[in-house]
Structure formats: structure tokens, C-alpha cells
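Just so you know, ligand 1 is whichever comes first in the structure, and atom 1 is the first atom listed for that ligand.
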Amino acid sequence: MNIINEIALVLSEATGLTTDLLKGFIEIPADSANGDYAFPCFKLAKELRKAPPVIAAEISEKIKRPDFISEIKVVGAYINFFTDKAFYAENVLKNIIENGGDYVLSEEGKGKTVVFDYSSPNIAKPFHIGHLRSTAIGNALYKIYSALGYKCVGINHLGDWGTQFGKLIVAYKKWGTKEAVEKDDIKELSRIYVKFHEEAEKDPTLEDEARAWLVKMQQGDEEALSLWKWFCDISMLEFNRIYNRLGVSFDSYAGESFYNDKMQAVVEQIRQKGLLKESNGAQIVDLEEYNMPPCLILRSDGGTLYPTRDISAAIYRKNTYDFDKCIYITALDQNLHFAQWFKVIELMGYDWAKELVHVPFGLVNLGKLGKLSTRHGNVILMEDILNTAVEKAKAIIEEKNPDLSGKNEISEMVGVGAVIFEDLYNSRIKNIEFDYEKMLSFDGETGPYAQYTHARACSVLRRANVDASFKNVDFSALTDEATIKVCKALSELPSKFSEAAAKNEPYIVTRQIIAICQAFNKFYNENNILGSEENTKNARLALTYCVKEAIKKGLETIGVGAPEEM
Ligand code: ARG
């Protein structure tokens, strides 16, 4: 049974208002001293034209207390409902026993389509930690929205066109070999790319050569295009290695080059709307009226730009997917870029401009590890970061549990999971201080802590050798404070999915996973599970099973693996 619906029904009988209206007002108090559910009467002050505390007192007098409610207390404007504890626990746990981790699913987004543009690294440049943030946040949002019933489309808007290719072709022809590129893929491509910049400082004619190759690419020159294609394939090898490790995939890999043959018509449309203006030979959309610098549409040589491709891509996506929302996940240094071209879409007369959402995130401070510049070559590669995290995880596991079987796979899940979890633990706009020791700690608010708690629950269930149907469990023993707190944390997880989607903030789910883990570990320390009397034991095992299911589902949703042993 849905307790909120039942309370709304009781309130409806007392007030004559509809359950639908009342349901939306019922809250779960942060402090359980204020009850398990609360009804804030100031929401009805307008409707009933009375002071909220008066309303609270009047309603509470009229309420017929149902059996599952043990007490109703009025505190100021609030009517607080205390559920019968064992009944409450049973109600929460039965739902999870029946549905497993899928108890979090809902139909909130049914019939709506959301497009996610995330990860989107640049070909022939290394996949760096900024791309990791975009990948982790985008993947988590994709899965959170999917759980809410939205139809999701994940797009990797690969940076596979632009000036860097002219430079790379020149660099390859001067200093590269096929063998070296095949052997070291992106590392070799970055090496020659860095070399290009060093050499071009001494000899600026290299820049002219690069531009000439870019023009050849644009004109469809066979040699230029086949090198370009080869660089793309080489880069995808590395990107896919990383995506496999992160467990991420996309519904579309239509990158920037995909829009090459679609941009002319879009530029024409912008022109016809009277939005295009010449400025120093380039074509721009003036945005002074909106307090922004102009949006660049065509370079003076006629070449298209990053915003031109984004505008074309948005129109294509609207036509192809008919999205209700299109979400772009990038670092906050692209705020202006998105604000500018979203405005251009609006000025073009598209009312769906309001469905475009930029979801920015803060920077990663790698501290002593180094900086993120590709041009100078001192970039930290994502693969190296993952490798280091996994090695460190392995050392910890080696120390804590040397006999564990499948150590390699588990270290991989723990190391990679630690990096992702840390990324998703705070409001995305906050900068991250990258710190291996902190993210790999087994008792902080970390991925390994959540994984460890999951493994602990699995281990209890393994030792008890239980049948997961939990058919005839008697829940009456589940009344202590620690147990009820676990149930409360479990019951809140589905609403955290909604909240996370509404704010595009995965941390809301990540933190609830930690809340469940903390509540469970407290329960675990205070209660004997396997050594208790049969009924109590079975009820506690049922709770342990529900915790395991919830943590697993939560971790899965944010893209972190849940090993059964560690
Ligand atoms: N390739 C860009 C970068 O690495 C990110 C692209 C984001 N998506 C977009 N539609 N602009 O900075």
C-alpha cells in the first residue's frame, strides 16, 4: 500500500478536498521526531481562509485515525503522522522484496523524450578528466531519466572536424609514421600535434600549410579525407577502451562532421531571418541587445564554426527525435557559447529554444598531477588516471583481503568506481580536488564505502543461505530506531531520482546511496542478524536483502559496479 495515498485519503475525508491536491503537500520530515509524514497546513491557508495552526487543529480533530497510524500530533501549522513502526517497515520492505531494485522506477517521464549530449571528446586529442566529468554526469543523468520512464537518447557529439586536422595532417607528413601511430595511437597523435605547435612558433608557414589541408578536407580531397578518417578510427580505439571500462555507451555517435552537409541550409535560414551581419569579413549574429558578444556563424574564409555546428545539430535533433528536452553536459567555461547559440535558435523563431538546457560542471584541480593543456603536451590522460586508481585499489584489497577470488575484476570495479563516485558526490558546479587517497578510502563517503556495504549485505545473505522470496516473514520485530531509519532511507530513494532529474544533479542520488549505507551499517552494528531468534532473524535478513538491492540499483544508475565480495 502507498502510505502517502492513504494519508491523503484520510485528510480528504476530513477536509472535503481532493486526494490529488492533498497528496502533493505531504512531506517526509527530515527529523523523525516530527513524525514519518507531515502535512503542512499553510498550503491550505488561502483555500480555507484561516490561520494555518487553526486549520491544523481543526483537521486533526476531524481525522479518523487509521490502524497503521499510531499517533497524530499537531505542531504549529503541521499535522504530524507517526506510523506504527512494524507496519511501516513491512510496507517499505515488501515493496522492495516484490520489485527488487526496480522499486525506484516510475512513469513520471512516460511519453517524453530527452536527448543527452555528453562526453563528446575531440578526435586526435586525448580524452582528459574534463571529458570524464561530462561522461560520468551525462551517463548518470541518462540512467536516472530512464528509470523515471523517459525515452532517452544519448549522443556523443564527437569533435571530429575542425582546424586541428589540418595541423595533424601536416605534422603526420613531416614527423609521423604509420607504424608509430598504429603502435601508440592517441599518444603518438598528441606527440606530433604538440610538435606542430612548437615548430609553428619558429616557422609560421606551417600554419598556412595546415589551413591548406583543411581546405582540401572541406573540398573532399581523397587523401585529406582518408587521413582524417584514419585519425578518427585511431582515436575511437582509445575512446572505446575508456567507455568499456566506464560501462558507457551511446545511442548515436553523430559528431561535428555529421553536420557538414546540413549547415549550408541552416546558415541560409539564419540569413533569411535577417539575423546575419558582416563583421570584419566574418558572418555573425549580433547579440548586443542581450548583453552577449556576437555569435560567430561563418569565418571570413567561409568556414563554419563550433556554434554553427551546434545550431545545425539542435535543429537536426529536434526533427529527428522530437525531444521535450535536449541537455548539454560540458564544463562551465562553455557557458557563454551555449547561451549565445540558444539565443540564436530563439531568434530564428523556434519556440523549442526553451527546451535546450546547458548543464555545466566545475573544473577538476589535479593538484600536483598536472594541467589539461593539449597544446603543450603535459596533459593527464584519463587512461592513466583510471590505471592508477585501479592499482591503488588493488593494493588496498591485497592488504585487507588477500584471499579474495577475482581480485583483478574487483579492483577494476573499485578503482574506476571510486573515480566516478567522487565525481558525482557534490553539486556538479563545484570544483573537484583530485585526491586518490580520499576517493579510495573505505570509510569515507566514497564509492568503495558503498561497494563495501553492498558486499557486506551480500555476505550476510550468503551465510544465511536465504530464499529471496521472503514469503512468510513476520515483520513485527522491526521496531527499533536504527531499523526504522534504514527503512526511511530506502523509502526515500525513488523521490531522490525525481529530484535529481528535476535539478539535473546526480549527487542527489549518490548521497542517498550513502545515507542508506550509513543507516544500514548502524543497524548492522546494533543488531545481531544471524544469531537472533528465527522470526527476528528472517525479518532482519529481509531488510538486508532490500538494502543490497537498493545500493546495487543506486550504484548501477550512477555507473558504478557493485561487487558481491571485496
Ligand atoms: N568537443 C567539445 C569539447 O571537448 C565538447 C562538445 C560538447 N557538445 C556540444 N554539442 N557542443 O570541449
*Do the charged groups of D185 and R241 touch, with an N to O distance under 4.0 Å?*
yes

_Side-chain donor-acceptor contact under 3.5 Å, D251 with Y142_ = yes

*Write out the protein residues near ligand 1, meaning a non-hydrogen atom under 4.0 Å from one of its atoms, in order of chain and number.*
D117, S120, N122, H131, H157, Y306, D310, Y328, T330, Q334, F338

*Ignoring hydrogens and angles, state whether a donor on the side chain of D324 or T113 is under 3.5 Å from an acceptor on the partner side chain.*
no

*Assess the pair Y449 and F421: is the distance between their ring centroids shorter than 6.0 Å?*
no

*With E209, which of K173, K167, K174 fulfils salt bridge (charged side-chain N to carboxylate O under 4.0 Å, His left out)?*
K174

*Does NZ or CZ of K318 come closer than 6.0 Å to the centre of the six-membered ring of Y321, within 45° of the ring's axis?*
no

